[in-house]
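A, B, ... follow the sequence lines: proteins, then strands. Residue 1 opens every chain.
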Amino acid sequence: MKSVALRFNFEFNRVYRYGKFATGRYLSVHVLKRREGTTQSGYKVDPELRRTGFCANKKELGAVGRNRARRLMRESYRQLEDKLPTGYDYVFTLKAKGGIPDFHELSTDMGKCLSRLDLIDGVSV
RNA sequence: CGGGCAGGCCGAGACGAUCGCGGGCGCCACAGUACGAAAGUACGGCGCAUGAGGAAAGUCCGGGCUCCACAGGACAGGGUGCCGGGCAGUUCCCGGUGAAGGCAACUUUAAGGAAAGUGCAACAGAAAAGAAAACCGCCCGAAAGGGUAAGGAUGAAAAGGCGAGGUAAGAGCUCACCGGCGGUGUGGAGACAUACCGGCCUUGUAAACCCCAUCCGGAGCAACGUCGUGGAAAGGCAUAUCGUGGUCCGCGAGCCUUAGGAGACGGCUUGAACGUAUUAGAAAUAUUACGUCUAGAUAGAUGAUCGUCACAUACAGAACCCGGCUUACCGGUCUGCACGGAAA
RNA sequence: ACCCUUGUCAUUCAAAGGUAGGAUAGCUGACUGUUAAUCAGAUAAUACAGGUUCAACUCCUGUCGAGGGUG
């Protein structure tokens with residue numbers, strides 16, 4: 001087990017406020033390196049863990065569209081997961097203007113964003 | 001054949017391969033982590049079957065379930081409103097009656113009471129509600145004035161309609177028919193239908209107040225129940241122990257209880273369930289028999305790639321659970337009916 | 001997921017069954033050497049769809065949108 005989901009609003013806010021971000025054509029990525037001893041529900045978070053959150057705007061997409069967006073982003077993340085460093089919190093947000101993109105376009109877009117943040121080698125994507 | 005009417009069924013397009021996700025069951029402890037001497041257990045590994053809808057939606061009704069409140073009655077407030085049946089129950093469903101629309105099939109219908117009472121009916125119009133009223137008209141009259149509701153004019157609506165008699169002119173003033181009201185008879189379970197008789201009969205609005213009949217306690221799974229570490233809260237115990245201190249009080253630590261914020265677990269899926277047959281019924285529906293188990297997540301599980309077929313793929317995602325209603329929707333398909341045309 | 005409130009000119013408030021009305025902003029004209037202020041004028045709205053009524057912003061029903069609350 002390498003990844004676990006972000007749960008609470010303050011965790012997302014922490015990533016948005018203190019983390020770095022990059023914006024692509026279809027999505028934006030926020031990343032924060034967790035400090036030592038970060039807790040979740042009273043328990044210490046394993047520093048070898050990656051934590052992720054996948055977001056979509058409720059005003060632009062219905063429940064079906066949001067599920068679709070999360071699935072596409074989760075699948076893209078799954079293929080890139082082993083190359084990403086551990087101990088970080090990631091938040092991916094889909095920009096739904098103009099509809100939900102194709103999987104391949106979304107996947108390459110995610111790779112570009114992550115390489116721009118120097119978290120991944122841009123060559124392999 | 002054409003354009004219609006009504007009803008039913010299906011609907012993440014289907015199949016295969018590789019990787020991946022949720023809960024369930026079985027096996028494993030071989031690999032990794034933790035506790036263990038080990039066995040084993042948790043996170044795990046492997047395998048198997050399984051995994052969103054007809055509307056899951058809107059939250060408009062009705063329930064189940066949970067907590068709170070509760071002697072009994074009345075008022076207030078709110079819902080419903082033709083008749084009969086169905087249902088756990090309903091603002092639902094089925095059948096019927098009346099009314100409106102359509103050539104028809106058929107559709108729509110909050111459809112009790114206006115003679116219990118109150119209100120309102122703008123503008124226009126003589127008059128908008130006590131059988132009241134006279135602007136034009138008609139008649140009588142020299143005039144003043146009177147008679148008159150047929151006709152005109154106003155209006156959404158003008159005091160039953162229409163024809164004949166009658167008259168100075170007219171008028172239910174009289175009569176036939178029609179409409180309405182009341183009574184009686186007949187048919188029907190009833191709403192009602194129909195026949196006869198009667199007197200001559202004051203509009204609309206109750207989705208205005210109201211009257212009559214009938215029903216209704218409140219909140220909602222973020223309900224509610226159990227547990228609740230570190231740190232923080234309240235009360236008590238004991239100073240027997242430790243720290244501070246020469247000693248006591250005190251303070252801190254300690255022990256117990258309460259409460260319970262974060263959080264965890266339960267509630268969480270077998271139910272007025274579904275399928276097939278049978279019997280009763282005009283139908284909704286009900287009875288009986290057999291069979292089936294069919295998501296339970298907790299930031300929220302169905303995706304990606306490739307191949308073949310089809311190529312148009314809509315609306316759209318369970319969140320405590322059911323029964324209805326309403327709304328959104330690419331299409332496919334089946335059944336029945338009426339009208340028009342053609343042919344026989 | 002559940003519960004509640006609300007919808008009228010571009011903005012902000014009225015009208016509560018009978019001609020949708022102000023104020024601000026914008027437009028046109030007048031006044032002025034010019035602008036402001038002032039005066040006059042026109043434009044502009046009942047979220048949408050049905051129903052009740054002679055007549056609906058108002059009453060009833062259903063959609064759509066906006067806002068808020070509950071861990």
Side-chain angles (χ1 to χ4, degrees):
Chain A
M1 188 183 72
K2 310 267 174 23
S3 298
V4 79
L6 288 170
R7 291 194 60 194
F8 299 99
N9 200 21
F10 67 86
E11 293 175 332
F12 280 86
N13 283 335
R14 193 158 58 203
V15 176
Y16 287 137
R17 289 183 61 183
Y18 302 115
K20 298 185 291 185
F21 73 96
T23 308
R25 185 180 175 81
Y26 302 110
L27 54 79
S28 60
V29 184
H30 289 71
V31 182
L32 176 67
K33 183 170 174 58
R34 278 200 308 281
R35 287 187 300 190
E36 199 69 22
T38 306
T39 58
Q40 183 183 37
S41 306
Y43 300 101
K44 281 196 176 177
V45 177
D46 189 348
E48 290 299 308
L49 226 50
R50 305 184 192 89
R51 298 199 300 176
T52 55
F54 300 96
C55 302
N57 193 343
K58 194 173 183 179
K59 294 205 173 182
E60 291 167 357
L61 294 169
V64 174
R66 292 200 300 277
N67 275 339
R68 172 84 185 155
R70 276 201 293 266
R71 282 167 191 157
L72 289 175
M73 288 192 287
R74 194 179 293 130
E75 179 68 19
S76 303
Y77 169 78
R78 193 177 67 80
Q79 295 183 0
L80 298 167
E81 187 178 13
D82 293 338
K83 302 165 187 168
L84 291 170
T86 56
Y88 282 79
D89 288 345
Y90 302 90
V91 175
F92 302 92
T93 306
L94 188 83
K95 296 196 285 187
K97 295 275 173 59
I100 299 172
D102 185 63
F103 171 77
H104 295 288
E105 301 177 19
L106 186 83
S107 183
T108 52
D109 202 40
M110 183 182 281
K112 281 181 194 168
C113 288
L114 289 170
S115 64
R116 205 178 305 159
L117 292 166
D118 297 328
L119 295 169
I120 192 172
D121 297 334
V123 187
S124 60
V125 179

Who does [N] pair with, Watson-Crick or G-U, both distances under 3.5 Å?
N      : result
B:A318 : none
B:G254 : B:C237
B:G303 : B:C19
B:G182 : B:C197
B:A29  : none
C:U24  : C:A10
B:A57  : B:U326
B:G89  : none

Minimum-distance nucleotide (side-chain atoms of A:R78 versus B:U305, B:G317, B:G303):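 Per side-chain heavy atoms of A:R78, the pick is B:G303.
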
Tell me: [atom1] of [X] to [atom2] of [N], nearest whole Å?
X      : N      : atom1 : atom2 : value
A:F103 : B:G20  : CZ    : P     : 14 Å
A:L72  : B:U302 : CG    : P     : 11 Å
A:L106 : B:G303 : CG    : P     : 15 Å
A:R70  : B:U302 : CZ    : P     : 10 Å
A:D109 : B:A304 : CG    : C1'   : 17 Å
A:E75  : B:C306 : CD    : P     : 13 Å
A:R68  : B:A314 : CZ    : P     : 12 Å

Using a 4.0 Å heavy-atom cut-off, does A:R66 contact any base of the nucleic acid, only the sugar-phosphate backbone, or nothing at all?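 Result for A:R66 = nothing.
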
Just by distance, do the side chain of A:R50 and the backbone of A:D89 share a donor-acceptor pair under 3.5 Å?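 Not confirmed, A:R50 side chain does not pair with A:D89 backbone.
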
Polar side-chain atom of A:S107 near backbone of A:F103 as donor-acceptor pair, under 3.5 Å: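 Not a single qualifying donor-acceptor pair exists.
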
Any N/O donor-acceptor pair, A:R71 side-chain to B:G300 base, under 3.5 Å: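 Flag unset: no donor-acceptor pair detected.
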
Report the residue (A:D102 or A:N67) whose heavy-atom-nearest nucleotide on RNA chain B is the more 5′ of the two.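 Per heavy-atom nearest nucleotide, the more 5' residue is A:D102.
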
Does A:A63 or A:R74 map to a spot on RNA chain B nearer the 5' end, using the closest nucleotide for each?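 Between the two, 5'-proximity favours A:R74.
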
Would you indicate, yes or no, if B:U305 has its OP1 or OP2 atom less than 4.0 angstrom from a side-chain nitrogen or oxygen of A:H104?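 Checking B:U305 against A:H104, a side-chain N or O does come within under 4.0 Å of OP1 or OP2.
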
Kindly check if the number of other-residue, nucleotide or ligand heavy atoms within 6.0 Å of OH (A:Y18) is above 12?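 No, the 6.0 Å shell around OH holds no more than 12 heavy atoms from other groups.
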
How would you label the glycosidic angle of C:A47: syn (within 90° of 0) or anti?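 Anti conformation for C:A47.
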
Honestly curious: do A:F21 and A:L27 fall in one hydrophobic cluster under the side-chain, below-4.5 Å linking rule?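 No, separate clusters.
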
Is the A:F54 ring parallel, tilted or perpendicular to the A:F92 ring (thresholds 30°, 60°)?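 It falls in the parallel class, under 30°.
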
Side chains of A:V29 and A:T23: closer than 4.5 Å at any heavy-atom pair?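 A:V29 vs A:T23: side chains apart.
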
